Amino acid sequence: MGRVWRRRVAAIVVAMCAGAVTVPALAEAAALLGGLGADAPARARAIEHGRGLATFCANCHGAEGVSTIPEVPNLAAQNPDYLLTQIDAFSTGKRKNAFMEGLMRALEPADKAALVVFYASLPAPPPRASAAHEVAAGKTAFDRICARCHGETAHGSETTPRLAGQQAAYLRQNLQRYLTMSGERFYAPMTAAVSQLGEQNIDAVTAYLGSLK
């Protein structure tokens with residue numbers, strides 16, 4: 001482990017223990033991310049910087065952004081703007097997870113921009129096979145309730161996540177959190193949408209999303 005990375009891990013540990021690290025403004029990281037779109041060399045450097053930072057993230061999210069832990073999301077091919085807002089949500093405590101909150105607070109704005117560009121550059125996970133009748137039922141429910149925000153192909157947008165190929169257990173867990181308003185995730189439009197979807201359709205929708213690339 002290099003000297004720079006040892007310092008980074010030390011900062012993460014301090015942030016997790018103290019819980020009082022100053023949180024940089026989302027706007028600064030967003031401005032850096034926006035600047036990478038038209039500067040290919042800078043984007044390439046950012047991806048490599050993000051790859052180094054992601055060494056720590058790989059323990060849960062996988063070396064190539066595809067998790068082997070069912071309840072941990074895939075980050076490969078995720079929309080960078082959406083990822084950045086989620087980093088900010090953990091940094092500010094809007095999204096609850098003690099480990100992730102401490103980890104994200106230790107990142108500088110340039111680190112955050114580099115990390116999301118790296119994950120966005122990775123190939124999407126391969127589709128998963130599911131029973132045809134379940135996939136068909138899930139597609140019907142997704143098209144009716146979810147596609148209006150997440151897109152017909154479930155690739156999301158700047159403000160909504162890519163759901164295609166996402167971990168089934170992770171999706172199921174978070175849909176249940178929105179439905180029950182348990183506190184880990186809160187976004188009123190999602191609670192309304194999942195309420196319309198109905199608990200009985202959650203498994204079918206997760207199977208359908210897993211079948212997409």
Side-chain angles (χ1 to χ4, degrees), residues 1-16 18 20-67 72-95 97 99-125 149-166 185 187 189-190 213:
M1 184 181 290
R3 186 180 305 168
V4 172
W5 187 242
R6 282 198 297 270
R7 288 200 298 268
R8 178 70 61 197
V9 172
I12 290 167
V13 172
V14 169
M16 292 172 63
V21 177
T22 300
V23 180
L26 173 62
E28 185 175 353
L32 290 169
L33 177 60
L36 295 174
D39 190 337
R43 186 179 180 85
R45 290 192 298 271
I47 288 173
E48 286 309 303
H49 179 49
R51 189 185 305 277
L53 293 168
T55 303
F56 196 78
C57 309
N59 292 319
C60 297
H61 293 285
E64 295 300 314
V66 179
S67 174
V72 172
N74 300 327
L75 299 181
Q78 189 56 268
N79 302 317
D81 296 274
Y82 172 78
L83 277 181
L84 192 59
T85 64
Q86 297 311 297
I87 287 176
D88 183 67
F90 281 121
S91 298
T92 58
K94 294 176 184 175
R95 187 167 172 181
N97 180 290
F99 179 78
M100 285 295 296
E101 288 174 53
L103 191 64
M104 295 301 99
R105 286 173 183 151
L107 297 177
E108 298 294 333
D111 296 336
K112 295 176 181 181
L115 197 59
V116 301
V117 167
F118 165 67
Y119 280 119
S121 75
L122 296 174
C149 294
H150 292 280
E152 293 181 2
T153 59
H155 285 187
S157 67
E158 291 183 356
T159 57
T160 58
R162 175 193 178 97
L163 300 180
Q166 189 53 269
R185 304 292 297 270
Y187 182 56
M190 271 298 298
K213 182 173 181 179

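Remember, it's a predicted structure, so these values are computed and weren't measured experimentally. Numbers here simply count residues along the sequence, with the first being 1.
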Rounded distance [0.5 Å steps], CD in Q86 versus CE in M100: 9.5 Å
Atom pair CG/CD1 of L115 and I47 - distance to nearest 0.5 Å: 12.0 Å
Any side-chain heavy-atom pair of T159 and Y82 under 4.5 Å: no
Exam field: side chain R162 to backbone G156, donor-acceptor pair closer than 3.5 Å: no
Nearest heavy-atom neighbours spanning N97 and F90: CB-CE2, 3.8 Å
Expected output: side-chain N79 to main-chain S157 donor-acceptor under 3.5 Å: yes
Exercise: identify the closest heavy-atom pair between P123 and A77: C-CB, 4.3 Å
Candidates T85, D81, L84 - the one meeting side chain to side chain contact (heavy atoms under 4.5 Å, CB included) with E158: D81
Note: K112-E108 ion pair, threshold 4.0 Å (strictly below): no
Atom pair OG1/CG of T92 and L26 - distance to nearest 0.5 Å: 9.0 Å
Donor + acceptor pair across side chains of H49, D111 (<3.5 Å): yes
Donor-acceptor under 3.5 Å (T160 side chain, C149 main chain): yes
Shortest non-hydrogen contact from H61 toward Y119: CB-OH, 4.4 Å
Residue pair K213 / P125: nearest heavy atoms and the distance that separates them: CG-O, 4.1 Å
Atom pair CD (Q78) and OG (S121), whose distance is rounded to the nearest 0.5 Å: 13.0 Å
Shortest non-hydrogen separation from P109 to A29 and the atoms involved: O-CB, 3.7 Å
N/O donor-acceptor pair under 3.5 Å between D39 side chain and L36 backbone: no
Heavy-atom side-chain contact between P73 and Q166 under 4.5 Å: yes
Heavy-atom closest contact (A164 atom, H155 atom, distance): CB-CD2, 3.8 Å
Ion pair E48/R45, N-O distance below 4.0 Å: no
S67 side-chain N/O to N74 backbone N/O, donor-acceptor pair under 3.5 Å: no
Nearest-0.5 Å distance, CE of residue M104 to CZ of residue R95: 10.5 Å
